[in-house]
Structure formats: structure tokens, C-alpha cells
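Here's the structure we're looking at; comments come further down.
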Amino acid sequence: MKKPKFINKKWLVITVIALVLVVFSFLNEQKSINAQTIVLALSLDKNGDEYEMGVQALKTTETEKQEFISYFAKGDNLSDIIEKLNYDTGNTLTLCHAMVLILGQNVLNQDDDKAMRFFFEGQILCNNTMVVAAKDNPKDVLSPTLTNGIGAGYYLGTMLRNVGGDLGVIPMTIKDYFKNKFRIGSCIYLPCVAYKEEGDSKYLDVTESYISDGKTGVILSETATRGLSLVLNNGVGHGSIPFDTETSMGEVNLVKSSADIKIEKTADTAKLQIKTTVKNKTYVAGKINDEECKKYVGNKITEYVNECYEQCKSAGLDVFYLGQRCYAYENELYKDPDYIDKIKLEVEVKISLK
């Protein structure tokens with residue numbers, strides 16, 4: 001009769017111990033969370049052998065007012081910089097939640113991806129962290145508070161995640177950054193961001209792109225960026241193209257577009273075919289027939305693509321990965337160190353009206 005009583009006491013002791021451990025674990029976890037600084041966005045620049053890293057966090061005051069705070073530190077390696085920032089913030093930095101990494105052009109062209117490998121291979125940042133290039137100083141893109149009251153770095157991260165079919169920049173994650181690095185030519189394309197002030201207005205301009213192979217970089221104009229998007233951002237809509245002739249004005253919407261590049265085994269000409277669907281023709285004045293519309297839009301798309309290609313080609317940058325395509329089609333032209341100078345691009349645009 002006494003054995004069941006003994007068993008009940010044993011399980012009671014076990015239950016009490018388990019409850020204590022659960023409560024202790026919960027309290028310890030809460031303490032751990034409070035001792036962390038959740039980084040929303042970060043920047044990285046380089047001057048010689050010295051890095052400058054910035055982080056932006058959100059602080060909520062006792063009055064529940066949200067304040068975006070940025071911290072910066074310098075050093076010759078990123079581990080030491082992070083330790084300095086831990087000290088400055090009074091907490092441990094948590095970078096895995098960062099939405100965007102803003103890079104200076106020196107880091108992109110003079111660092112041999114050492115810093116980027118630190119973030120990616122060390123799993124410091126998650127795979128879907130967005131990567132952009134700063135047109136000027138990345139510190140100036142990260143730290144300001146915009147007219148809407150939101151920290152520029154955080155706003156940039158949320159905006160890039162919501163970019164859909166607009167004709168323009170192509171969002172790039174850190175995972176895709178390295179995927180492109182392993183292609184022949186090692187060329188990457190990033191949104192190029194500039195902070196601007198006009199009167200009382202403070203905003204980010206994200207209409208250009210930055211192209212780099214790790215040694216050389218160029219900034220593409222807004223129209224050249226449109227050409228980049230039309231070739232590499234397949235299967236989406238591409239916003240609108242302004243329509244302006246002697247008799248008509250307005251715009252056309254590109255609701256869907258795709259591109260395909262082929263280069264034959266013994267050829268030195270890459271044939272690019274772009275197919276796009278156009279709808280919602282709106283004209284301010286005059287009237288134009290469908291064939292004239294197709295011709296006008298086709299010429300504009302060709303102009304955008306050629307501007308992008310020629311600007312990159314003059315800098316030795318294989319932005320359309322033609323070397324990789326040569327390899328795929330068993331064309332040995334890619335083995336020539338100057339192959340990009342010897343490949344001609346032939347653009348054909350096919351337009352259907354909807």
C-alpha cells in the first residue's frame with residue numbers, strides 16, 4: 001500500500017524540478033533578449049586596410065516613441081569592430097535580422113570579398129539580407145532620418161523587399177551576390193543608392209545600378225539600369241516607358257517581359273531576344289496605330305539595353321554573363337582574357353499588344 005505513495009512523491013519532485021527549470025530558462029531568455037541590440041541595417045566602407053562599419057537599431061523610449069539610432073566603429077578586422085560596437089551599444093549585436101547591407105565602392109573593388117565572406121560564410125547575416133552599393137558614402141545612406149520619420153537604412157531594406165515589377169533596379173540578396181560571383185567574369189549588379197535633400201524633403205534615390213567585378217566598377221544611369229532589368233529580371237512587369245513622338249505623347253505599360261541570349265559555338269555575336277507585352281496605351285494628344293507603337297517601344301528597349309551593354313563593356317565588365325553563355329554553348333571565346341571586347345551584341349525585340 002505504501003508503494004503508490006512513494007511513486008506519487010517521486011513524480012511530484014520531478015514536476016517541481018521541471019517547473020523550476022522552465023521558469024529559470026524563460027527568465028534567462030528574457031534577460032538574454034534584453035541584452036541584445038537587434039540590428040536593422042548596416043553599412044561597410046573601407047579606407048586602405050581600415051574598415052568602417054555602421055549599424056542601425058530601433059530604440060523605444062519610455063513614452064513608446066521610436067527612435068532610429070546608428071553607431072559606427074573602425075578597425076582592421078570586422079570581429080574587432082563588432083566588439084567595439086557591442087561596447088558602444090552596451091549590448092551584444094544581433095546581425096542576423098539585418099534587412100540590408102550598404103557597401104562602399106572601395107569594399108566592392110578593393111577587398112577581394114574578404115568582408116563579404118566574413119558575413120556570408122560565418123552566417124553573420126542571413127541569406128536573404130539585401131545588398132546595395134552607396135553612390136557616395138554608405139554612412140550617409142544608413143544614418144539619416146527621412147522625411148517620413150523612418151531611419152534611412154531600415155526604410156531602404158523594407159523598400160527593396162517590396163520592389164516588384166517596376167522598371168529599374170534589381171534587388172540583390174547576399175546569397176545571389178555570391179552566386180553571380182562564381183560565374184565567368186565574376187560580375188555583380190547592385191542597386192546604387194544616394195541620399196538626397198531638397199528643401200525640407202529628405203529621401204533616398206534608388207534609380208541607378210552599380211556594376212563591379214571586384215576590381216572595377218561603374219554606375220549605370222537610370223535608362224541603362226532599365227536595360228539591365230529588361231535583360232536579367234525575367235518574367236515580371238517592367239513599369240512604363242514614356243511615349244513621345246511628333247504627333248503623340250503618353251506612356252505604355254510593360255506588363256510582362258522575358259529575355260534570352262544565345263551565342264553559337266563558332267560565333268562572336270551574342271543574339272539577345274526580348275519578348276514583352278504592352279498594354280494601357282495612354283496618349284495626351286494625337287493618335288497612333290499599333291505598328292508605330294511597337295516600333296517606338298522596340299527602339300526604346302534596344303536603346304536602353306545597348307546603353308547598359310556598351311557602358312559595361314567599355315569598363316571590361318561582362319554584365320550579361322556572355323562568358324558563361326559561351327561556356328554553355330561550347331564556344332571557347334570565353335578563354336580569351338579580353339573576350340568581352342570581341343563579342344558583339346545583337347538585340348531583337350518582339351512586342352505583343354494586350
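- More than 12 heavy atoms of other residues, nucleotides or ligands sit less than 6.0 Å from atom CD of E50.
- Nearest heavy-atom pair across D45 and P138 is OD2-CD, 3.5 Å.
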Report task. Test side-chain hydrogen bond (donor to acceptor under 3.5 Å, both in side chains) on T173 and N128 and set out the steps. Result -> CA-CA 5 Å; T173 65; N128 65 349; over 6 Å; no

Requested in this report: Dump the intermediate steps for side-chain hydrogen bond (donor to acceptor under 3.5 Å, both in side chains) on T225 and S209, then the final yes or no.
Outcome: CA-CA 6 Å; T225 294; S209 295; 3.3 Å; yes

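- At a threshold of 4.5 Å between non-hydrogen side-chain atoms, the residues L317 and I340 do not count as touching.
- In this structure, CD1 in I211 is found 5.0 Å from SG in C312, a value given to the nearest 0.5 Å.
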Requested in this report: Output, in order, the C-alpha distance, side-chain angles, deciding distance and verdict of side chain to side chain contact (heavy atoms under 4.5 Å, CB included) for T147 and D200.
Outcome: CA-CA 8 Å; T147 304; D200 295 331; over 6 Å; no

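- Side-chain contact check for Y327 and E332: no donor-acceptor pair (N or O, by modelled atom type) lies under 3.5 Å.
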Query raised in the report: Would V193 and Y210 count as a side chain to side chain contact (heavy atoms under 4.5 Å, CB included) if you check the C-alpha gap in whole Å, the side-chain angles of each, and the deciding distance to 0.1 Å?
Result: CA-CA 9 Å; V193 186; Y210 191 78; over 6 Å; no

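- If you check the side chains of N137 and Y195, you find no donor sitting under 3.5 Å from an acceptor.
- Atom OH of Y155 has 12 or fewer heavy atoms from other residues, nucleotides or ligands within 6.0 Å.
- Atom CG of D49 has 12 or fewer neighbouring heavy atoms from other residues, nucleotides or ligands inside a 6.0 Å radius.
- Within the structure, salt bridge (charged side-chain N to carboxylate O under 4.0 Å, His left out) pairs that include any residue of residues 201-210 comprise K135-E208, K196-D205 (at least two apart or interchain).
- Checking Y51 against D111 by side-chain atom types alone, a donor-acceptor pair falls below 3.5 Å.
- With rounding to the nearest 0.5 Å, the separation of OG1 in T276 from NZ in K350 is 13.5 Å.
- Contact of the L101 side chain with the M116 side chain is registered, since non-hydrogen atoms from C-beta on lie closer than 4.5 Å.
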**Report entry** Verdict with reasoning, K262 to R325, per side chain to side chain contact (heavy atoms under 4.5 Å, CB included)
**Finding:** CA-CA 7 Å; K262 295 181 179 179; R325 300 177 196 277; over 6 Å; no

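- For N331 (side chain) and C326 (main-chain N/O), no donor-acceptor pair under 3.5 Å exists by modelled atom type.
- Taken from OG1 in T277 to NZ in K275, the straight-line distance is 10.0 Å, to the nearest 0.5 Å.
- Nearest heavy atoms, I351 versus G298: CD1-N, 3.4 Å.
- Clustering ILVMFWY residues whenever any of their side-chain heavy atoms sit less than 4.5 angstrom apart, transitively, puts I82 in a cluster other than the one holding Y87.
- Between the side chains of N106 and Q110, at least one donor N or O lies within less than 3.5 Å of an accepting N or O.
- Here the closest heavy-atom approach between residue A134 and residue C192 is recorded as C-SG, 4.4 Å.
- In the model, N86 has no side-chain atom that pairs as donor or acceptor with a side-chain atom of T92 under 3.5 Å.
- Residues Y154 and A41 share a closest heavy-atom pair of N-CB, 4.1 Å.
- Y321 and I263 fall within a single hydrophobic cluster, where Ile, Leu, Val, Met, Phe, Trp and Tyr side chains are chained together by heavy-atom contacts under 4.5 Å.
- Taking hydrophobic clusters as Ile, Leu, Val, Met, Phe, Trp and Tyr residues chained together by side-chain heavy-atom distances below 4.5 Å, I174 shares a cluster with I170.
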Query raised in the report: When you look at E222 and R226, which way does the salt bridge (Lys or Arg N to Asp or Glu O under 4.0 Å) test go after all the steps?
Result: CA-CA 6 Å; E222 182 177 353; R226 292 181 175 185; 3.7 Å; yes

Solution key, residues 180-189 side-chain donor-acceptor pairs under 3.5 Å, sequence neighbours excluded:
{"unit_1": "N180", "atom_1": "ND2", "unit_2": "D176", "atom_2": "O", "d": "3.4"}
{"unit_1": "S186", "atom_1": "OG", "unit_2": "K181", "atom_2": "O", "d": "3.2"}

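- Using a 4.0 Å cut-off between charged nitrogen and carboxylate oxygen, E52 and K46 do not count as a salt-bridge pair.
- A donor-acceptor distance shorter than 3.5 angstrom exists from the side chain of S314 to the backbone of Q311, with no hydrogens or angles considered.
- Summarising the geometry, atom CG belonging to L44 is positioned 10.0 Å from atom CZ belonging to F118; distances are rounded to the nearest 0.5 Å.
- With hydrogens and angles disregarded, a donor-acceptor distance shorter than 3.5 Å links the side chain of R117 to the backbone of D112.
- In this structure, the side chains of T269 and I343 stay at 4.5 Å or more apart for every pair of heavy atoms.
- Residues in residues 80-106 take part in no salt bridge (charged side-chain N to carboxylate O under 4.0 Å, His left out) pair, two or more places apart or across chains.
- Closest approach of A98 and L42 over heavy atoms only: CB-CD2, 3.4 Å.
- Between V278 and N253, the closest side-chain pair of non-hydrogen atoms is not below 4.5 Å.
- With contacts defined as side-chain heavy-atom distances shorter than 4.5 Å, the pair L322/Y309 qualifies.
- Annotation: side chain of K139 is in contact with side chain of F72 (closest heavy-atom distance under 4.5 Å).
- Closest approach of P171 to P191, counting heavy atoms only: CA-CG, 4.3 Å.
- Annotation: the span from I124 atom CD1 to S79 atom OG amounts to 7.5 Å, rounded to 0.5 Å.
- The side-chain heavy atoms of E197 and Y203, taken from C-beta on, include no pair separated by under 4.5 Å.
- Judged purely by atom type and a 3.5 angstrom limit, Q56 uses its side chain to pair as donor or acceptor with the backbone of L142.
- A salt bridge is defined here as a Lys NZ or Arg NE, NH1 or NH2 lying under 4.0 Å from an Asp or Glu carboxylate O, and K342 with D336 meets this definition.
- Between atom CG of residue L345 and atom NZ of residue K271 there is a gap of 12.0 Å, rounded to the nearest 0.5 Å.
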Report task. Could you walk me through whether V349 and V347 pass side chain to side chain contact (heavy atoms under 4.5 Å, CB included), step by step? Result -> CA-CA 7 Å; V349 182; V347 183; 4.1 Å; yes

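- The closest donor-acceptor contact from the side chain of T129 to the backbone of C126 lies under 3.5 Å.
- For T223 and E307, the side-chain atoms include at least one donor-acceptor pair closer than 3.5 Å.
- The side-chain heavy atoms of L93 and Y71, taken from C-beta on, include no pair separated by under 4.5 Å.
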